[in-house]
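Attaching a single structure in structure tokens format; questions to follow.
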Amino acid sequence: MKSFRSLWLRAGTLTFASTLLGAGTAFAAAPNQEQVNPSNNTALMVLVGVLIALVLALVGGAVIAGLAQFGSRFFHRNLPTDEEMTTLRAAFNPADRPQREPFKVTARNEPVLVAIGMFIISLVLVSVFLGMTPSPRVVAGANAEAAPAAAALPRTGDFTKIVSELPAGNADNGKTLFNTKGCVGCHSLEKDKRLVGPSFYSVYDDAKTQVPGMGPDEYLYQSIVDPNAHIVATYQSGLMPATFSSQLTPQDMADLLAWFKRDHQGQP
């Protein structure tokens, strides 16, 4: 504690002496003490800054010295001495520790070891067997052979012959297809109501006069499978998807034509 107090005493004395020296120098340098203005005296401002830095350095050094001395005393009191370390090393000599016995197969652990070995062997054999087994094939059933996927509707050819070979149509199913196939979004059923495409109001009667020599069923058939073949006035090509030839079956086409004929001719 004496050394610590003496350190603080020396630091305080030096700080006080430096402050007095700096103040005396500043007043001596001023020509008239009554007219000294620190804000306008550059030399005084520099001197004051140096004094402040010196004071902070002295105080900081004293604090660091005190912390170092405190830490040194703390570790000196709590760390073991050389004699204590020698005693600890002797107490924990590895040669004095009991040696582990080597692992041995006994009557108690033998069944467990056999079970583990059989499990590993079985796992390896099953993995090899599964790796050698070919992947199962997807075999089509009898129904798949009896009902093959419908071919796309013809987009070119003799449309009179093509339409005549369609099955008998169901107008009610055709009306349902109008909604389920998305036709309702582009074609209105009201007179003179324009959507994306022409209205289906009286469309069967209009189809009778669109192309000379072509009947309404043939005209409507071609307009569905190849919508750009005949463009109605005031409309442009490319508005209708050209994919219905692969989306509709012959029965679907027959049902739509039957619905056109029943509900969209002779309308007032």
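All values below come from the heavy atoms of this structure, side chains included, with hydrogens, waters and symmetry mates left out.
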Show the nearest heavy-atom pair for residues Ala258 and Gly169, with the distance to one decimal.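 Residues Ala258 and Gly169, closest heavy atoms: CB-C, 3.9 Å.
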Is there side-chain contact between Tyr221 and Pro154, with at least one heavy-atom pair below 4.5 Å?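 Answer yes - side chains close enough.
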Are any non-hydrogen side-chain atoms of Tyr235 and Met240 less than 4.5 angstrom apart?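 No. Closest side-chain heavy atoms not under 4.5 Å.
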Heavy-atom closest pair, residues Ser246 and Ala152: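 Answer, listing the atom of Ser246 first, then Ala152: CA-CB, 4.3 Å.
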Passes side chain to side chain donor-acceptor pair (under 3.5 Å), Asp252 versus Thr249? Steps please. CA-CA 5 Å; Asp252 293 339; Thr249 65; 3.2 Å; yes
I need the Leu153 CG to Met253 CE distance, nearest 0.5 Å.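 That separation rounds to 5.0 Å.
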Side chain to side chain, Leu248 and Leu256, heavy atoms closer than 4.5 Å: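 The answer is yes; the side chains approach within 4.5 Å.
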Evaluate the side-chain proximity of Tyr204 to Leu257: yes if any heavy-atom separation is below 4.5 Å, no if none is.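 Not in contact.
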For the residue pair Gln247 and Thr243, what are the closest heavy atoms and their distance?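 Looking at all heavy atoms of both residues, the shortest contact is NE2-OG1, 3.0 Å.
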Roughly how far, to the nearest 0.5 Å, is NZ of Lys175 from OG1 of Thr180?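 The OG1 atom of Thr180 sits 13.0 Å away from the NZ atom of Lys175.
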Under 30°, 30 to 60°, or over 60°: which ring-plane class applies to His264 and Trp259, parallel, tilted or perpendicular?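 Ring orientation of His264 relative to Trp259: perpendicular.
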Which distance, rounded to the nearest 0.5 Å, do you find between the CG of Leu195 and the SG of Cys183?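 Answer rounded to 0.5 Å: 12.0 Å.
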Side chain of Asn170, backbone of Asp255: donor and acceptor closer than 3.5 Å?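 Answer holds: no.
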How long is the span from the OG atom in Ser223 to the CG atom in Asn228, to the nearest 0.5 Å?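 Going from OG on Ser223 over to CG on Asn228, the span is 10.5 Å.
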Spatial distance of atom OG1 (Thr176) from atom CG (Asn173) [nearest 0.5 Å]: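 So the OG1 of Thr176 and the CG of Asn173 are separated by 6.0 Å.
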Arg262 versus Asp172: any side-chain heavy-atom pair under 4.5 Å?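 Touching, per the 4.5 Å side-chain cut-off.
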With the side chain counted from C-beta on, respond yes when Pro167 and Pro250 share a heavy-atom pair under 4.5 Å apart, and no when they do not.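 The answer is yes, as the side chains (C-beta and beyond) meet within the 4.5 Å cut-off.
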Without swapping roles, check the side chain of Gln251 against the backbone of Ala168 for a donor-acceptor pair under 3.5 Å.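 Side chain of Gln251 to backbone of Ala168: a pair is present.
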Closest heavy-atom pair and its distance - Pro198, His187: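 Residues Pro198 and His187, closest heavy atoms: O-ND1, 2.7 Å.
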Provide the closest heavy-atom pair for Thr234 versus Arg194 in the form atom of the first, atom of the second, distance.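 In terms of heavy atoms, the two residues are closest at O-NH2, 2.7 Å.
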Please check: side-chain N/O of Gln222 versus main-chain N/O of Glu218, any donor-acceptor pairing under 3.5 Å?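 Here the side-chain-to-backbone pair does not exist.
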Quick one: does Ser199's side chain have a donor or acceptor within less than 3.5 Å of a partner on Ser188's backbone?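 Such a contact is found between Ser199 side chain and Ser188 backbone.
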If you measure from NZ on Lys208 to CG on Asp217, what distance do you get to the nearest 0.5 Å?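 The distance works out to 10.0 Å.
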Any side-chain to backbone donor/acceptor pair from Asp205 onto Gln265? Under 3.5 Å, distance only.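 Looks like no, no N/O pair under 3.5 Å.
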